[in-house]
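Heads up, the thing below is written out as structure tokens.
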2 protein chains.
Amino acid sequence: MQEPIKIYNTAVEAFLEVIGGKWKPVILFHLTFGKKRNGELMRLMSGVTQKMLTQQLGELVEAGIVARISYNQVPPKVEYELTEYGWSLKELLHLMCRWGDIHAERVYGDKVSILFTPPQVEDKENTGP
Amino acid sequence: MQEPIKIYNTAVEAFLEVIGGKWKPVILFHLTFGKKRNGELMRLMSGVTQKMLTQQLGELVEAGIVARISYNQVPPKVEYELTEYGWSLKELLHLMCRWGDIHAERVYGDKVSILFTPPQVEDKENTGP
DNA sequence: CGGGATCCCCTACGATACTG
DNA sequence: CAGTATCGTAGGGGATCCCG
């Protein structure tokens, strides 16, 4: 049989099915700046629990977007990095960041604080001190 | 006081706070092809309930991303369209669609069916019949 | 250090029915 | 046609303890 086994209304839904988790875009965003260890991600993403981080990372690994590199040693060392396929999301993720940045300023003005701001976004305007 | 009233780890979180709903990206995506009535969106988005559609649209209106145009007449007629600010999401939404399209093919091959495919995406490759 | 296993809560979401 | 109101539920997500 050649019937479709999967039906989407739009391809956007296919995107959301993979990237739609609460923390996934944030994880991926951080990985666009290089491979990261579990602990690093925990520190970067204040608010996430170990369980959620592990779970979401696992789903991203299954989807072929993130690679998990485990060094067999003790204490354990595990690194996560984007696969080649995963890198195709970089532009998207950085656009999200830029839009969020503009939106945050639009809504909160100078009463918002963004802890991690990549170099690129900072370039948008060089408002001196 | 000038303390920040809002703190994000990254601006991506600010993006997700506004666009992160289950149906919001899909709604917005459809609106990038012109204003739509409630019933049209219901038909385009098989699976969504009236309640969720109304709710998510309401939040988008509050965020200033979507405009609600109500014609006072009976039977009622209400249209939704992107605000000027909302249009700033178009590139992002279409990138999501393109990525989802590629991903769906990568995962399901020809066993996936996408009901609504915008002209642009179809252009990616003209694989004849 | 990284991450399983459990327990539990809560809210996002769905189904249904009703109104202007 | 567009939108409420109500109720019920699944599962996303948090806290905690434990293990290699």
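Below, chain A is the first sequence line, B the second, and so on; all start at residue 1.
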**Residues from residues 34-43 of chain B lying under 4.0 Å of DNA chain C - heavy atoms** =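 None - not one residue of the stretch has a heavy atom sitting under 4.0 Å from the strand.
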**Request:** Determine the contact category for A:Tyr80: base if any of its heavy atoms lies under 4.0 Å from a base atom, sugar-phosphate if only primed atoms, P, OP1 or OP2 are that close, otherwise nothing.
**Result:**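 Here A:Tyr80 touches the backbone only, sparing every base.
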Hey, are [X] and [Y] close enough for a salt bridge, meaning a charged N less than 4.0 Å from a carboxylate O?
X       : Y       : value
A:Glu13 : B:Lys22 : no
B:Glu17 : B:Lys6  : yes
A:Lys24 : A:Glu59 : yes

**Request:** Please assess A:Trp99 against B:Tyr85 for the test ring-ring contact (aromatic ring centres under 6.0 Å, His included), listing each intermediate value before the final yes or no.
**Result:** CA-CA 11 Å; A:Trp99 194 93; B:Tyr85 182 48; 5.6 Å; yes
**Item:** Spacing of CH2 belonging to B:Trp87 relative to CG belonging to B:Leu28, to within rounding of 0.5 Å
**Value:**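 So the CH2 of B:Trp87 and the CG of B:Leu28 are separated by 10.5 Å.
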Can you check the [X] [atom1] to [N] [atom2] distance for me, whole Å?
X       : N      : atom1 : atom2 : value
B:Leu16 : D:dG13 : CG    : P     : 11 Å
B:Glu59 : D:dG3  : CD    : C1'   : 16 Å
B:Arg68 : D:dA2  : CZ    : P     : 10 Å
A:Leu53 : D:dG14 : CG    : C1'   : 14 Å
B:Met45 : D:dA2  : CE    : C1'   : 15 Å
A:Gln73 : C:dC1  : CD    : C1'   : 10 Å

**Complete:** Each nucleotide of nucleotides 13-20 of chain C classed B (base within 4.0 Å of a protein heavy atom), S (only sugar-phosphate) or -, in 5' to 3' order, makes BBB----B
Is it the case that the side chain of [X] and the backbone of [Y] share a donor-acceptor pair, with hydrogens and angles ignored and the cut-off at 3.5 Å?
X       : Y       : answer
B:Thr32 : B:Lys90 : no
A:Thr83 : A:Gly64 : yes
A:Asn9  : B:Ser46 : yes

**Asked** Side chains of A:Asn38 and A:Glu79: do they bring a donor and an acceptor to under 3.5 Å?
**Response**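 Judged by distance alone, the side chains do not pair up.
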**Request:** Using the ring of A:Tyr71 (Phe, Tyr or Trp, six-membered ring only), decide whether A:Lys77 places NZ or CZ under 6.0 Å from its centre and within 45 degrees of its axis.
**Result:**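 Because its charged atom sits under 6.0 Å from the ring centre and within 45° of the axis, A:Lys77 does stack over A:Tyr71.
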**Prompt:** Through what angle, rounded to 10 degrees, does the axis of the helix from C:dC1-D:dG20 to C:dG20-D:dC1 turn between its ends, using five pairs per end?
**Reply:**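 Here the helix ends are tilted 50° relative to one another.
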**Message:** For B:His94 together with B:Phe33, are the ring centres under 6.0 Å from each other?
**Reply:**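 Close enough - the centres of the two rings lie under 6.0 Å apart.
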